[in-house]
Each structure stands twice: as structure tokens, then as C-alpha cells.
Amino acid sequence: MLMPVLTPAELWEATGRLAISEIFRLKDRTGRDFILPVTHEETVTFHAREIQSYKQLPQLWYHFQTKGRDELRPRGGLLRLREFVMKDAYSFDRDEEGLRTSFEKNREAYERIFERVELETYYVQAESGIMGGKFSFDFLAPSGSGENTLVVCETGDYAADLEVARAIPRAAELPEPLDAPEEVETPGVTTIEGLAELLGIDATATSKAMPVVKEDALVLALIRGDDRLSETKLYDALPGASRPATDEEIRSAFGAGGGSLGPIGFEGEVVADETLREGQFVAGANRDGWHLRGVQAGRDYEPRFADLREPREGDRCPECGGELRFRTAIEVGHIFNFGAFYSAPLGATFVDEDGTEKPLLGGSYGIGPARVLAAIVEQHHDEDGLVWPRSVAPYDVHVVVLSGLEEQGERVAELLDEAGFDVLLDDRDLRPGEKFADADLLGCPTRVTVGRKTLEDGAVDVRDRATGGEQRVELERLVEGVRR
RNA sequence: CGGGGUGUGGCGCAGCCUGGUAGCGCGCUCCGUUCGGGUCGGAGAGGUCCCCAGUUCAAAUCUGGGCACCCCGACCA
């Protein structure tokens with residue numbers, strides 16, 4: 001089906017997604033609000049209100065449609081655009097089990113697609129953001145460019161998006177423990193590097209603090225000094241947290257500036273990374289130019305523990321202890337199990353076998369054709385140009401006709417065309433070298449060269465783009481020769 | 001919004017620091033040559049040097065202002 005692009009804003013108001021900053025908004029001449037959707041959950045769920053009975057379930061609807069996204073900064077060629085085509089499917093089921101089945105079917109379908117187009121992808125847990133729903137998964141295709149970082153174990157048993165990846169960090173190198181925290185003057189020190197150097201300790205023996213605002217209250221996030229805070233994990237651990245605290249808020253709550261913050265003496269909630277559960281660490285003293293040695297969770301402050309750190313290359317795999325590597329990747333597909341997230345606010349219900357009214361349970365399954373192509377190009381090229389996988393090659397056979405043999409070349413092309421191949425015929429009046437170079441650049445799987453010398457023998461040359469292997473094939477056996 | 005960069009024949013760039021006839025490669029036109037991996041030679045056409053103002057005998061070049069585009073960051077279903 002073909003769904004509309006222009007969408008009444010009320011639908012998005014109802015699900016809460018109107019708040020998303022990158023939604024394209026517009027008004028008609030009477031001032032009514034519309035949006036250009038980034039996905040069509042609201043649209044399909046609105047129409048799914050027509051579903052009355054469990055007997056009409058399950059349903060699976062899909063379309064290819066232009067999507068709009070008011071990007072802060074479009075970039076990356078085909079990867080991040082204000083307008084792009086997406087193939088997305090939406091399932092509706094009567095219960096969790098049905099939803100799981102629909103979800104699995106769509107996942108399998110996508111995996112078969114990626115397999116068929118010869119795209120190396122990893123199926124990984126994704127962050128769902130404000131999309132809602134219980135879980136979502138990404139298909140990530142490693143590539144030279146891309147905006148996702150894929151964390152993979154060297155042994156191949158673990159793969160995850162950096163934003164949600166778990167990892168085992170290197171062990172901390174801690175100095176002798178103290179009986180109680182001890183103040184130490186650290187004038188002018190505002191970085192972990194400076195702190196570790198001044199105190200003559202390893203960065204892993206320090207902690208750093210980041211205050212965030214959650215529903216008008218300050219919360220202190222605490223991680224080990226050598227780590228980076230994962231914002232995704234932080235906001236997962238602190239539902240409702242919205243932004244880093246401002247300098248003024250920090251000053252009034254802690255009585256000190258950004259470089260000297262710590263958990264001791266802070267009135268609000270402290271969320272500490274798991275790495276701080278055991279041992280003593282240096283922390284800010286909440287007094288400019290001072291730190292505390294020997295600060296121990298559980299003894300000196302009572303934090304809630306959570307996984308807050310961003311994994312680093314070289315960390316250990318949570319499954320097997322193997323070394324974790326990073327690869328940049330393109331997100332080529334994203335599938336969601338969102339349950340009643342849309343059907344509940346939009347009132348899309350049905351009557352089940354037992355006579356009760358229930359919300360439809362939904363999933364959505366998106367795949368970006370342009371991104372898939374971009375990823376294929378990244379994974380299938382060499383220094384001369386593209387090397388198309390057969391299933392997505394624009395043509396199966398590229399017939400290069402050398403000048404003066406146009407008629408014979410056309411016959412060869414017709415022969416192949418009649419045999420069912422998609423044929424590209426290059427009969428331009430150019431030097432052979434230029435045509436070969438162009439054929440390499442375009443990257444059709446097979447090249448057939450029609451030249452005078454081979455033609456005298458009643459043959460042509462058939463060349464495989466991927467391997468560069470070339471073979472002389474008699475004209476009578478051309479079709480088999482190409483098919484091989 | 002912050003940081004950086006770029007604007008010069010159709011395309012890609014050099015020249016700018018240190019002001020003085022605007023240059024290179026590719027492409028294009030014509031003649032010849034060559035013809036299974038981007039031939040070779042010759043002749044030629046083509047430019048408000050992003051815009052405005054200023055300094056100067058003289059500005060692509062220096063100064064000020066503006067515009068456009070690109071990259072990085074914030075953001076990101």
C-alpha cells in the first residue's frame with residue numbers, strides 16, 4: 001500500500017512523539033498542524049482501529065515511502081538525509097506470543113535479505129530511545145563510514161552497539177586503602193590526567209562525577225576516572241533525566257566547580273558505575289582545588305549501582321573474556337517490538353475470543369534501501385570500482401564492443417538478452433581502455449568483450465569482475481559460459 | 001549554536017604569505033595519428049578570480065563587512 005506523507009499532528013500528539021525535535025512540522029493555510037513522519041506507526045495504528053476481532057489477526061502491512069526528518073545537520077552522502085525512502089512493515093497481533101512470532105518472521109526475512117545481497121550484518125540490541133516499547137534490535141553493517149560503532153568480540157560470540165554494549169574493563173590499579181577519606185590539595189587540577197599525575201597514581205584509581213538534572217533535582221553520576229560516561233546508559237538508569245547540570249546549578253548544589261565534584265557531602269541521589277563497587281578511589285572534595293583520597297562506596301557514601309561506562313576498545317567480552325574490537329557501521333535496519341505503545345493512546349483495540357476488549361500489540365520493521373546500497377558499496381569494491389553482488393547488480397552482463405564491431409556486439413547482446421540476462425551494451429566510440437575502465441567502475445558481475453581477434457575464432461572473452469579471471473568462450477556456448 | 005576550512009575557465013586545483021600581463025591537469029573544438037586496459041603530436045576556444053566597500057599608482061593577493069558551500073562537534077527512532 002502507499003501511505004500518506006502529510007500527517008495530522010494530532011496523531012503524534014496522542015502518542016507523545018510530537019515532542020521529538022527532528023520531526024518536520026508544517027501548517028496548512030488555515031493554521032492546522034501537520035507533520036512529515038519519520039516512520040508510520042501512528043498512521044498504521046490509526047487505520048488499525050478498523051480491526052474489530054481477533055479473527056482478523058494477525059496483520060502485516062508494509063510500504064515503501066518517503067520519510068522526512070528535520071536533521072540538525074544532514075551529512076554522510078546517502079546516510080543521513082532530510083528525506084529518504086524507507087521500506088517499513090507493521091505487524092498487529094492479539095497477544096505477546098503472536099507478536100513474538102511476527103517479530104521473528106520479520107527478523108528472519110531481513111536476515112535473508114541481507115544474506116541475498118551479500119551484506120555482512122550484525123543483529124544487535126539497540127537503544128529504543130523515545131520510540132517506546134520493550135526492545136528493539138538493529139542490523140548493523142560494518143563499513144568504512146557510518147555513524148554507529150559496533151562492538152564485536154574477537155571470538156565472534158558477542159556483538160552490540162557501543163551505546164548499549166556491556167564490557168569488562170581492565171582492573172584498577174589501586175594504592176593502599178585508607179581507614180577514612182583524606183583531603184588532599186590539588187590546586188588548579190581539573191582533569192583526570194592532571195589529578196593522576198599530581199598524586200602519582202593510575203587514572204583507574206580515580207573517579208569522576210557528572211551532575212545531571214532529573215525532574216528539577218540534581219543527580220550525581222559517578223564513573224571511574226579512565227572511563228567515559230555513556231549517556232544512553234545514564235538515561236536508561238535514570239528515567240526522566242534530561243540534561244547535564246549548568247555551571248550555576250553545580251555551584252549552588254556542591255559549592256564547588258566542575259573539576260572538584262564528588263559524592264561525599266552531596267545531598268541528592270548518587271548513581272555509581274559498577275567499577276566503583278569495590279575499592280577506594282580519589283574523588284572530588286566539593287571544594288575547589290581539593291580532592292579526597294580513599295573514598296569507598298558503601299562506607300563513605302551510599303550509591304545506587306548501574307552500568308554507566310562506555311566500553312573501550314580492548315575491554316573484555318562479557319560472554320567469553322575475549323578482546324573486544326570496534327568497527328564503524330551503518331544501521332541498515334531497525335526492528336521494534338512496541339506492544340501497545342501506539343495502540344493504547346490511539347484506541348486501536350479488538351475484541352478477543354473471551355469477549356474482552358484488548359489493545360493490538362504491534363511491531364515495526366524498517367529497512368533503508370539507500371543505506372543498504374551504501375553499505376553494499378562499502379563492502380563490495382576494489383581500487384577499480386564497484387563489484388556488485390549478483391542479486392543487486394544493475395545488469396548481469398556488461399558487453400563491451402570494440403569500435404567497428406557494433407553489429408556483432410549487438411547480436412551478442414541480443415543472444416544474452418534472450419537467455420534472460422539483464423544486459424548493458426557499451427557501443428560508444430571510445431578506446432578499449434576507457435571502456436574497460438568504465439566497466440570495472442560500474443562493476444557488473446560479468447563482462448563480455450567483443451573484439452576482432454576473438455571474433456575471427458567465433459568467440460568472445462568472458463571476464464568475472466570479482467576475480468578478474470577471463471575465459472575465451474565460443475559464441476555457440478556463450479549463454480552457458482556466462483551462466484557458469 | 002560552537003570550532004575549522006573553502007570560494008580562481010565546464011570539472012579538479014595552484015597562485016594569495018612577500019600587490020605588478022591569471023596558470024596547471026582533465027574536459028571541449030579543429031587537423032593528423034593511434035585502436036584489446038584511460039594513444040601521441042599540433043593548433044585553438046574559454047575566466048565578473050563569490051559579492052560589496054576600503055587601502056594603493058596598481059588588488060585574485062592587503063583590510064573591513066556580507067553571502068554561499070564543506071568538514072568537525074552538540075543532536076540523532
Side-chain angles (χ1 to χ4, degrees), chain A residues 12 15-24 35-42 67-77 79-82 84 86 88 90 124-140 145-149 161-164 231-232 235-236 242-244 330-338 341-342 362-368 371 383-385 398-406 408-409 426 428-442 447-457 459-463 465 468 470 472:
Chain A
W12 286 61
T15 59
R17 292 212 300 169
L18 197 56
I20 297 172
S21 59
E22 44 183 9
I23 302 297
F24 259 117
I35 59 128
L36 306 179
V38 290
T39 59
H40 278 67
E41 280 83 0
E42 280 82 356
K67 309 284 178 173
R69 190 179 285 195
D70 190 0
E71 290 289 353
L72 202 50
R73 181 155 82 84
R75 67 182 99 174
L79 296 184
R80 190 166 201 78
L81 310 170
R82 290 191 180 88
F84 57 97
M86 184 159 117
D88 42 335
Y90 301 88
V124 302
Q125 195 191 337
E127 48 126 5
S128 304
I130 126 167
M131 180 73 189
K134 298 183 188 68
F135 55 92
S136 76
F137 290 85
D138 271 333
F139 290 95
L140 296 183
S145 63
E147 28 182 32
N148 294 69
T149 300
D161 190 296
L162 177 62
E163 298 203 359
V164 297
E231 292 189 21
T232 310
Y235 293 135
D236 278 352
S242 53
R243 61 179 173 84
I330 298 174
E331 179 186 327
V332 289
H334 198 162
I335 62 181
F336 295 83
N337 173 330
F338 53 71
F341 186 85
Y342 298 95
S364 68
Y365 318 95
I367 187 169
R371 287 182 158 204
E383 60 280 6
D384 293 320
H398 190 147
V399 176
V400 171
V401 185
L402 271 38
S403 292
L405 302 170
E406 285 77 10
Q408 293 93 322
D426 184 357
R428 296 173 300 167
D429 185 20
L430 292 179
R431 315 187 57 75
E434 300 179 65
K435 296 189 182 186
F436 293 146
D438 281 346
D440 288 343
L441 186 64
L442 293 178
R447 187 185 85 194
V448 170
T449 308
V450 180
R452 178 150 281 119
K453 288 182 192 121
T454 55
L455 217 48
E456 281 168 7
D457 302 339
V460 292
D461 286 324
V462 176
R463 182 185 172 100
R465 174 64 179 89
E470 193 160 30
R472 186 153 297 189

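All chains are named by letter (A, B, ...) in the order of the sequence lines, taking the proteins before the strands, and each is independently numbered beginning at 1.
- Between B:rG2 and B:rU18, the two C1' atoms lie 34 Å apart (nearest whole Å).
- Note on ring orientation: taking the six-membered ring where Trp is involved, the planes of A:H334 and A:F336 are parallel (angle under 30°, cut-offs 30° and 60°).
- B:rG73 atom C1' lies 14 Å from atom CD of A:E147, rounded to whole Å.
- The partner of B:rA43 is B:rU29, by the rule that a Watson-Crick or G-U pair needs both atom distances under 3.5 Å.
- As rounded to the nearest Å, B:rC69 and B:rG27 have C1' atoms that lie 24 Å from one another.
- B:rU63 and B:rC16 are spaced 14 Å apart, taking the P atom of each and rounding to whole Å.
- Between A:R465 and A:D384, none of the side-chain N atoms (NZ, or NE/NH1/NH2) sits under 4.0 Å from a carboxylate O, so this pair counts as no salt bridge.
- When the C1' atom of B:rA77 is taken as reference, atom CZ of A:F338 falls 12 Å away, rounded to whole Å.
- Remark: B:rC69 base-pairs with B:rG5. Criterion, Watson-Crick or G-U wobble with two distances under 3.5 Å.
- No side-chain donor from either of A:D461 and A:T454 sits under 3.5 Å from a side-chain acceptor of the other.
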Run the numbers on A:S403 and A:R452 for side chain to side chain donor-acceptor pair (under 3.5 Å), then give the verdict. CA-CA 9 Å; A:S403 292; A:R452 178 150 281 119; over 6 Å; no
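- Of the C1' atoms belonging to B:rG23 and B:rA14, the separation is 7 Å, rounded to the nearest Å.
- Not a single donor-acceptor contact under 3.5 angstrom links the side-chain atoms of A:R463 to the base of B:rG36.
- Salt bridge status for A:R428 with A:E434: absent, with no side-chain N to carboxylate O gap under 4.0 Å.
- In summary, A:R371 and A:E147 engage in a salt bridge, as defined by a charged side-chain N under 4.0 Å from a carboxylate O.
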Pairs: protein N or O with nucleotides 30-34 of chain B N or O, under 3.5 Å:
from	atom 1	to	atom 2	distance (Å)
B:rU34	O2	A:R431	NH1	2.6

A:F137 vs A:V124, test: side chain to side chain contact (heavy atoms under 4.5 Å, CB included). Steps then yes/no. CA-CA 5 Å; A:F137 290 85; A:V124 302; 5.9 Å; no
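- Nucleotides B:rU6 and B:rG12, compared at atom P, are 16 Å apart to the nearest Å.
- The distance from atom CZ of A:F341 to atom C1' of B:rA77 is 10 Å, rounded to the nearest whole Å.
- Judged by Watson-Crick or G-U wobble contacts below 3.5 Å, the nucleotide B:rA53 has B:rU63 as its partner.
- Remark: the separation of the C1' atoms in B:rG54 and B:rA59 is 11 Å, to the nearest Å.
- Rounded to an integer number of Å, the gap from CG of A:L72 to C1' of B:rG2 is 12 Å.
- When each of A:A437 and A:L430 is assigned the nucleotide of RNA chain B with its nearest heavy atom, A:L430 is the one assigned upstream, toward the 5' end.
- Base contact: A:I23 has a heavy atom under 4.0 Å from a base atom.
- Between A:D88 and A:K67, at least one side-chain nitrogen of the basic residue sits less than 4.0 Å from a carboxylate oxygen of the acidic one, meeting the salt-bridge criterion.
- Counting to the nearest Å, the P atom of B:rA77 and the OH atom of A:Y90 are 15 Å from each other.
- Remark: the separation of the C1' atoms in B:rA22 and B:rC49 is 8 Å, to the nearest Å.
- The same atom, C1', is picked in B:rC52 and in B:rC67; the two are 10 Å apart, to the nearest Å.
- Atom-to-atom, NZ of A:K435 to P of B:rC35 comes out at 15 Å; the value is rounded to the nearest Å.
- Here A:E470 lies in heavy-atom contact (under 4.0 Å) with a base.
- Residue A:R447 places a side-chain atom within donor-acceptor reach of the base of B:rG37, judged by atom type and a 3.5 Å distance cut-off alone.
- Residue A:E434 has its side chain nearest to B:rG38 when only B:rA77, B:rG37, B:rG38 are considered.
- Here B:rC76 presents its C1' atom at 12 Å from CG of A:D70, a figure rounded to the nearest Å.
- In terms of polar N and O atoms assigned as donor or acceptor, the side chain of A:R69 never comes within less than 3.5 Å of the base of B:rC76 in a complementary pairing.
- Here the CH2 atom belonging to A:W12 is positioned 8.5 Å from the CG atom belonging to A:L18, to the nearest 0.5 angstrom.
- When both pairing distances are held under 3.5 Å, B:rG19 makes no Watson-Crick or G-U pair with any nucleotide shown.
- Spacing between atom CZ of A:R80 and atom P of B:rC71 amounts to 13 Å, rounded to whole angstrom units.
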